[in-house]
Protein chains: 2
Amino acid sequence: MGNENLVFEKYLVSKGLKLTKPRKIILNTVFATHEHFNVDELYDQIRKKHKDVSRATIYRTIPLLVEAGLIKQSLRCLAKDHYEHTYGHNRHLHLICEKCGKIIEVESKETENILNKLAKKHNFNIKEFNIGAKGICNKCRKK
Amino acid sequence: MGNENLVFEKYLVSKGLKLTKPRKIILNTVFATHEHFNVDELYDQIRKKHKDVSRATIYRTIPLLVEAGLIKQSLRCLAKDHYEHTYGHNRHLHLICEKCGKIIEVESKETENILNKLAKKHNFNIKEFNIGAKGICNKCRKK
DNA sequence: TTGAGAATGAGATTTATTCTCAGAATTAAC
DNA sequence: GTTAATTCTGAGAATAAATCTCATTCTCAA
Ligand SMILES: [Mn+2]
Ligand SMILES: [Mn+2]
Ligand SMILES: [Zn+2]
Ligand SMILES: [Zn+2]
């Protein structure tokens, strides 16, 4: 159990925004699992318990969670933006199977170090990495 | 002047598809510059000379160019998919400024080697790299 | 308790991308 | 060159993720 609630509240206060019931529900549902998610999945999950949270509010809350450093935009699949935790999760890269959609997550300080070095050379200040590759997974190659 | 025409024709023939006038126009316009592009920009560019090529055909041709190994989906900006050449261009990663949208392209065999190593460990067969970072560029930091 | 501002749900709107379909173009065989 | 089988095309309709509008409700500091 992290204190994403505290982080979020701090962020909201710092921006003069209010900690409302829908925002709490959204935050808690987002952090109830550790999977990548999209708005539709999140909406369905929330709706199981709370019939009164709208899609609009979810769409409005996600940028706040991003700004607060709790989640980030991750992959885009089937024409939908997907998100994942940054708070409480180590950075990692994604190997995505083009056949079955499987996602392998791998940590690699090494790639980050190299990117940092390259960025330095170009006077570029990295805020967020986005590293990955598409290809074919083990199982799909065997078939 | 590369022979992207030859590559494309070969691909089309191999798939039992036809080398039509609109497809030639689209291919040539795509390879008339070396910049990233989106469908709207490409459409406008084509329309300057050819009033009879439709958006639908552009949308239908792009996947063929991708499959033929001539271009790849690159970044997504302002809710639009962007593309870039793979044929005739070295692989590179992108440093994207969050403030001004500037894109710095950097080659790095090193990151690719590491990714290949990691992929091998996971029995994953990489078809395409996707490496980059978001942050703040030189100019925007100074302001 | 109250008031000013922020936030909400519902549904309309936007807009990139995909789909439909009737007519046109391509290609290989004759 | 004709033909025929098939693929392609443009135009516009359709789809759907994401954003916006607005009247009403909520939040919270005072
Ligand atoms: Mn992940
Ligand atoms: Mn590029
Ligand atoms: Zn797979
Ligand atoms: Zn910049």
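Checked by atom type and distance alone, the side chain of A:Arg47 pairs as donor or acceptor with a backbone atom of A:Val53 at under 3.5 Å. Between the side chain of A:Arg55 and the main chain of A:Val39, no donor-acceptor pair closer than 3.5 Å is present. No donor-acceptor pair closer than 3.5 Å links the side chain of B:Thr61 to the backbone N or O of B:Arg23. In this structure, the side chain of B:Glu9 does not engage the main chain of B:Leu6 through any donor-acceptor pair within 3.5 Å. With A:His94 contributing its side chain and A:His92 its backbone, the two residues share no donor-acceptor pair below 3.5 Å. Within the 3.5 Å criterion, the main-chain N or O of B:Thr33 finds a donor-acceptor partner in the side chain of B:His85.
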A correct 5'-to-3' footprint of nucleotides 25-30 of chain D, with B, S and - meaning base, sugar-phosphate only and no protein heavy atom under 4.0 Å, is --BS--
Protein heavy-atom contacts under 4.0 Å, written 5' to 3' over nucleotides 13-23 of chain D as B (base), S (sugar-phosphate only) or - (none), form the string ----SBBBB--
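Summarising the geometry, the separation between NZ on A:Lys15 and P on C:dG5 is reported as 20 Å, rounded to the nearest angstrom. Going from atom OH of A:Tyr43 over to atom C1' of C:dG9 covers 10 Å, rounded to whole Å. Remark: C1' of D:dT9 and CD1 of B:Ile62 are 16 Å apart, rounded to the nearest angstrom. Distance CD1 (B:Ile25) to C1' (C:dA25): 13 Å, rounded to an integer number of Å. If you measure from atom CG of B:Leu12 to atom P of C:dA28, you get 13 Å, rounded to the nearest angstrom. The NZ-C1' distance, from B:Lys24 to C:dT27, rounds to 13 Å in whole Å. Per the geometry, CD belonging to B:Glu9 stands 12 Å off C1' belonging to C:dT26, to the nearest Å.
Looking at B:Arg91 and B:Glu112, a side-chain N of the basic residue comes within less than 4.0 Å of a carboxylate O on the acidic one, giving a salt bridge.
The 5' end of DNA chain D is approached more closely, in terms of each residue's nearest nucleotide, by B:Arg23 than by the other of B:Arg23 and B:Arg47.
Partner of A:Phe8 under the side-chain contact (heavy atoms from CB on, under 4.5 Å) criterion, chosen from A:Val30, A:Leu64, A:Asn28: A:Leu64. For the side-chain contact (heavy atoms from CB on, under 4.5 Å) with B:Ile131, the qualifying choice from A:Asn130, A:Leu115, A:Thr111 is A:Leu115, the only one to do so.
For the pair A:His82 and A:Asn38, the tightest heavy-atom approach, listed with the atom from each and the gap, is NE2-ND2, 3.3 Å. Closest approach of B:Cys97 to B:Cys137, counting heavy atoms only: SG-N, 3.4 Å.
Note that the two end axes of the helix from C:dT1-D:dA30 to C:dC30-D:dG1 enclose an angle of 30°, each drawn from 5 base pairs, rounded to 10 degrees.
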